[in-house]
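The chains referred to below are lettered A, B, ... by the order of the sequence lines, with proteins before strands, and numbering in each begins at 1. Since this is a predicted model, take the numbers as computed values, not measurements.
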Amino acid sequence: MAIAYNKRTCDCGTLRASDIGKEVILAGWVNNYRDHGHNLVFIDLRDRGGITQCRFNVDTDPEATQIARTLRKEDVIAVRGEVISRGENVNPKLPTGEIEVSIKEVNVLNKSATPPFEVADHVEASEDLRLKYRFLDLRRGPMQKGIITRHKTLQAFREFYYSEGFLDIETPILTKSTPEGARDYLVPSRVWPGNFYALPQSPQLFKQLLMISGFDRYMQIARCFRDEDLRADRQPEFTQVDLEMAFVDVENVLDVVERSLAHVWKKVIDVDVPVPFRRMKYDEAMRDYGTDKPDLRYGMKLIDISDVARKTEFKVFQEALAAGGVVKAICLKGGAAMTRKETDGLTAEIQGIGAGGLPLCKVAEEGGKVVLQTGIAKFFTGETVGELVQKMDAAPGDILFFAAGSFANVCKHLNWLRITLAERRKLIPPGKWEFLWIVDMPAFEWDEETGKWVFLHHPFTMPHDEDLPILESNPGAVRAKCYDIVLNGVELGSGSIRIHSLDTQYRIFRMLGISDEEARQKFTHLLTALQYGAPPHGGLALGLDRISMLLAGLSTIREVIAFPKTQKAFDPLTECPSEVDQKQLDELGIDLNPTIKAIKAKKKEK
RNA sequence: GGGGCCGUAGCUCAACUGGUUAGAGCAUCGGACUGUCGAUCCGAAGGUUGCGGGUUCGAGCCCCGUCGGCCUCGCCA
């Protein structure tokens with residue numbers, strides 16, 4: 001007789017001692033089987049809810065037991081039986097461990113081929129293989145947890161923003177290519193041969209248009225696409241919690257965003273996050289941490305010791321200072337215990353990101369006096385030792401690492417070192433959530449390569465009102481009404497107050513070396529709209545993948561994306577991107593260039 | 001595009017300084033077993049060492065190239 005698998009009485013995670021005596025129908029996957037020979041077979045049955053042990057006894061239910069003997073991992077079955085006590089044999093590892101189901105009847109709904117890797121909580125398979133068989137990987141407990149965390153995060157964000165009067169409005173996926181910023185993914189048009197849509201890097205311009213349309217509070221869970229190289233926290237397609245508000249200034253945006261994050265943290269992991277968040281000026285972040293997304297869970301600030309360095313004979317310091325650079329250092333408490341091998345390893349690594357080397361010295365005590373040892377210790381003489389130690393707030397047993405050069409390079413290298421040391425030496429306290437706003441960023445940055453000013457955020461960002469007069473005369477000093485939200489060293493999102501005046505918008509474009517005509521060509525729709533009564537507005541976009549990742553306690557967003565791509569933007573599951581039929585290309589009026597054709601032909605030969 | 005780590009059985013890994021027939025655990029298959037829960041015990045089967053070249057009497061190991069994965073710098077308004 002067939003078991004009504006469409007009438008499951010509960011899932012595999014819910015039965016408890018209080019259910020003893022009930023007849024239940026369960027369905028799911030065979031997680032494991034233990035065949036005890038003569039009379040007993042145990043099947044661990046798994047579904048989204050959890051695992052329930054099913055007991056088959058040949059004495060009472062010979063038919064079911066016979067079938068149970070043939071079951072293998074990942075077979076899909078439905079069972080009917082009675083919830084019974086496990087007596088002495090409770091399994092404390094399982095929430096359902098007090099009970100088991102004595103099976104009277106079992107149906108095999110589908111057999112499974114032997115899985116290429118074990119579907120278990122602990123990961124054994126390589127990520128490559130897991131991606132190829134993602135549907136199996138997603139059966140694993142931790143993966144289900146990550147996906148569910150993401151769902152809860154989405155739900156909590158929507159809940160919050162809906163309750164605050166935000167309207168959820170969709171924007172196009174097929175849109176116009178803008179050569180600025182990241183590379184676009186292009187979509188060829190059949191109806192307009194030779195023309196292309198682009199997938200949106202973000203709904204930026206559309207949300208601004210919505211403000212001009214009068215939908216003064218907009219939000220969207222928006223898919224965004226950028227054809228750039230990937231990282232652990234970057235995918236070619238990712239999801240933003242996108243929002244925009246009209247008639248607001250910086251304060252209003254920060255307020256609603258931090259409350260939304262507090263709401264999400266409460267709902268998803270039941271953590272109370274105090275608001276308002278700490279704020280730090282961009283300059284301060286760069287000065288003390290060498291990055292615009294500092295991790296405040298630990299110390300090791302970057303300290304400028306240029307004054308002391310100037311008094312030394314160390315060539316590296318002298319050359320850097322002469323070239324207008326800086327000398328900075330960080331102090332690792334208790335780091336003097338590091339071996340030569342360890343510090344040599346760090347040196348090699350920091351050279352790998354472009355540093356010339358890694359000057360260092362250890363702080364020790366000799367005859368009641370604080371002294372420096374090893375490395376570049378000998379260059380500090382007389383009172384410079386005391387000065388350095390005092391500046392660095394160092395004590396015997398510590399180690400000091402130095403970096404000399406341009407401000408940008410010193411920041412890059414010491415920031416890398418600070419993070420690396422904190423991670424490797426486990427200096428990061430668990431369970432800490434250090435939210436931080438980075439504000440007052442510069443609006444523009446000088447680009448050595450092109451010899452032009454470029455925007456740091458995007459060209460629609462409003463400068464500080466009081467900086468508008470110096471827009472042309474001193475662009476580097478202009479601050480932007482721009483803000484980044486940072487959590488534990490991860491950039492969660494960024495936003496700005498936008499320019500709503502057409503004149504100002506043209507002024508900015510001109511400043512960036514974009515002519516009025518060029519601007520009109522690229523951003524017709526926005527510039528036109530700005531003529532028709534654009535309200536002051538601003539907003540922000542949050543990275544949903546990163547937020548879910550942090551909430552789930554993971555270190556890559558791939559773990560909270562059901563079907564992610566590899567570092568080369570390849571999907572091993574569907575094996576895309578892939579070639580297409582010549583017919584499809586013909587229809588689009590696309591011909592591959594001869595070089596690509598030749599490479600493809602060569603590959604086929606092999 | 002640059003740097004680093006990696007690629008050996010279905011999976012995770014081992015294999016000394018280049019040296020016999022490339023091993024182990026898990027999974028698979030067969031058998032045994034009255035309470036297991038990462039079951040246990042006995043047995044079997046399982047290999048183009050990513051791919052292509054080179055050096056060598058001899059290559060999993062050395063060299064060159066190439067493909068793929070991960071981390072990272074550049075890049076990502």
Side-chain angles (χ1 to χ4, degrees), chain A residues 31-45 51-59 72-74 84 86-94 96-97 100 102 113-133 136 178-184 201-202 204-205 224-236 238 345 348-355 409 412-413 415-416 419-420 423 441 443-445 447 449 454-461 480 482 491 494 496 508 512 541 543 555-556 558 565-568 570 572 602-603 606:
Chain A
N31 196 60
N32 202 3
Y33 60 94
R34 293 175 294 279
D35 184 345
H36 280 262
H38 272 31
N39 77 337
L40 275 184
V41 177
F42 295 104
I43 298 286
D44 294 333
L45 191 63
I51 287 176
T52 297
Q53 176 165 285
C54 300
R55 189 193 74 160
F56 297 80
N57 189 331
V58 81
D59 299 331
R72 290 298 177 266
K73 290 179 184 191
E74 303 312 314
I84 61 172
R86 288 223 207 169
E88 304 270 296
N89 304 304
V90 166
N91 183 353
K93 289 183 197 164
L94 287 181
T96 61
E100 62 193 359
S102 178
T114 303
F117 55 85
E118 199 184 349
V119 178
D121 283 0
H122 60 276
V123 195
E124 281 238 324
S126 69
E127 191 172 354
D128 204 15
L129 192 74
R130 287 169 52 208
L131 287 179
K132 189 170 175 183
Y133 295 91
L136 288 180
T178 51
E180 274 76 21
R183 293 183 187 91
D184 284 324
Q201 295 175 26
S202 80
Q204 183 60 37
L205 292 170
C224 306
F225 307 85
R226 292 178 192 177
D227 186 4
E228 293 293 344
D229 288 348
L230 307 181
R231 288 284 190 286
D233 60 354
R234 279 193 232 156
Q235 280 277 302
F238 58 99
E349 282 183 87
I350 206 165
Q351 283 170 333
I353 63 163
N409 279 334
K412 179 179 160 189
H413 301 144
N415 173 50
W416 174 85
I419 294 169
T420 304
E423 281 171 359
M441 285 106 149
F444 313 108
E445 204 177 32
D447 184 2
E449 246 175 72
V454 293
F455 38 82
L456 214 66
H457 185 59
H458 61 54
F460 319 111
T461 303
C482 185
E491 186 192 311
S494 65
S496 63
I508 299 278
L512 296 168
S555 51
T556 158
R558 292 188 299 274
K565 293 182 176 55
T566 68
Q567 197 162 55
K568 290 192 72 183
F570 182 75
K602 217 174 172 184
K603 268 189 184 165
K606 288 179 183 173

- prompt: Would you say the side-chain atoms of A:Gln201 and A:Asp184 include a donor-acceptor pair closer than 3.5 Å?
  reply: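 The criterion, which ignores hydrogens and geometry beyond distance, is satisfied for A:Asp184 and A:Gln201.
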message: If only side-chain N and O atoms count, and only distance matters, is there a donor-acceptor pair under 3.5 Å linking A:Gln53 with A:Arg34?
response: yes
When you check the phosphate oxygens OP1 and OP2 of [N], does a side-chain N or O of [X] lie under 4.0 Å from one of them?
X: A:His36; N: B:rG35; value: yes
X: A:Lys412; N: B:rC73; value: no
X: A:Lys73; N: B:rU28; value: no
X: A:Arg231; N: B:rC73; value: yes
X: A:Arg558; N: B:rC71; value: yes

Set out, line by line, the N/O atom pairs under 3.5 Å between protein and nucleotides 29-31 of chain B.
unit_1	atom_1	unit_2	atom_2	d
B:rC29	OP2	A:Arg72	NE	3.2

What nucleotide among [options] has an atom nearest to a side-chain atom of [X]?
X: A:Arg234; options: B:rC37, B:rG38, B:rC76; value: B:rC76
X: A:Thr566; options: B:rG38, B:rG1, B:rC70; value: B:rC70
X: A:Gln567; options: B:rU36, B:rC75, B:rU72; value: B:rU72
X: A:Arg183; options: B:rU36, B:rU72, B:rC75; value: B:rC75
X: A:Ile353; options: B:rC71, B:rU36, B:rU72; value: B:rU72

- request: Please identify each residue that fulfils side-chain hydrogen bond (donor to acceptor under 3.5 Å, both in side chains) with A:Asn415, with sequence neighbours left out.
  value: none
- request: Could you list the residues that satisfy side-chain hydrogen bond (donor to acceptor under 3.5 Å, both in side chains) with A:Asn57, not counting sequence neighbours?
  value: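 Here no residue qualifies.
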Tell me the interatomic distance from [X], atom [atom1], to [N], atom [atom2], rounded to whole angstroms.
X: A:Leu230; N: B:rC76; atom1: CG; atom2: P; value: 14 Å
X: A:Gln351; N: B:rC73; atom1: CD; atom2: P; value: 17 Å
X: A:Gln235; N: B:rC70; atom1: CD; atom2: C1'; value: 13 Å
X: A:Leu131; N: B:rG68; atom1: CG; atom2: P; value: 15 Å

In whole Å, measure the gap between the [atom1] atoms of [N] and [M] for me.
N: B:rG58; M: B:rG1; atom1: P; value: 37 Å
N: B:rG7; M: B:rU12; atom1: C1'; value: 13 Å
N: B:rC6; M: B:rC42; atom1: P; value: 36 Å
N: B:rC70; M: B:rC63; atom1: C1'; value: 25 Å
N: B:rC61; M: B:rA9; atom1: P; value: 15 Å
N: B:rU8; M: B:rG3; atom1: P; value: 24 Å
N: B:rC37; M: B:rC5; atom1: C1'; value: 38 Å

- request: Would you mind classifying the nucleic acid contact of A:Thr178 as base, sugar-phosphate or nothing, using non-hydrogen atoms under 4.0 angstrom?
  value: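 Counting heavy atoms under 4.0 Å across all strands, no contact is made by A:Thr178.
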Between N or O atoms, less than 3.5 Å apart, protein on one side and nucleotides 44-47 of chain B on the other: list the pairs.
none

Could you write out each protein N or O paired with an N or O of nucleotides 6-12 of chain B at a distance under 3.5 Å?
unit_1	atom_1	unit_2	atom_2	d
B:rG10	O2'	A:Pro116	O	3.1
B:rC11	O4'	A:Pro116	O	3.3
B:rU12	OP1	A:Ser126	N	2.8

- line: Between A:Asp447 and A:Val454 the two heavy atoms that sit nearest each other are CB-CG1, 4.0 Å
task: State whether A:Phe117 and A:Arg130 meet the cation-pi test: NZ (Lys) or CZ (Arg) under 6.0 Å from the six-membered ring centroid, and within 45° of the perpendicular axis.
output: no
message: Tell me every residue that passes salt bridge (Lys or Arg N to Asp or Glu O under 4.0 Å) with A:Lys132, counting only those two or more places apart in sequence or in another chain.
response: none
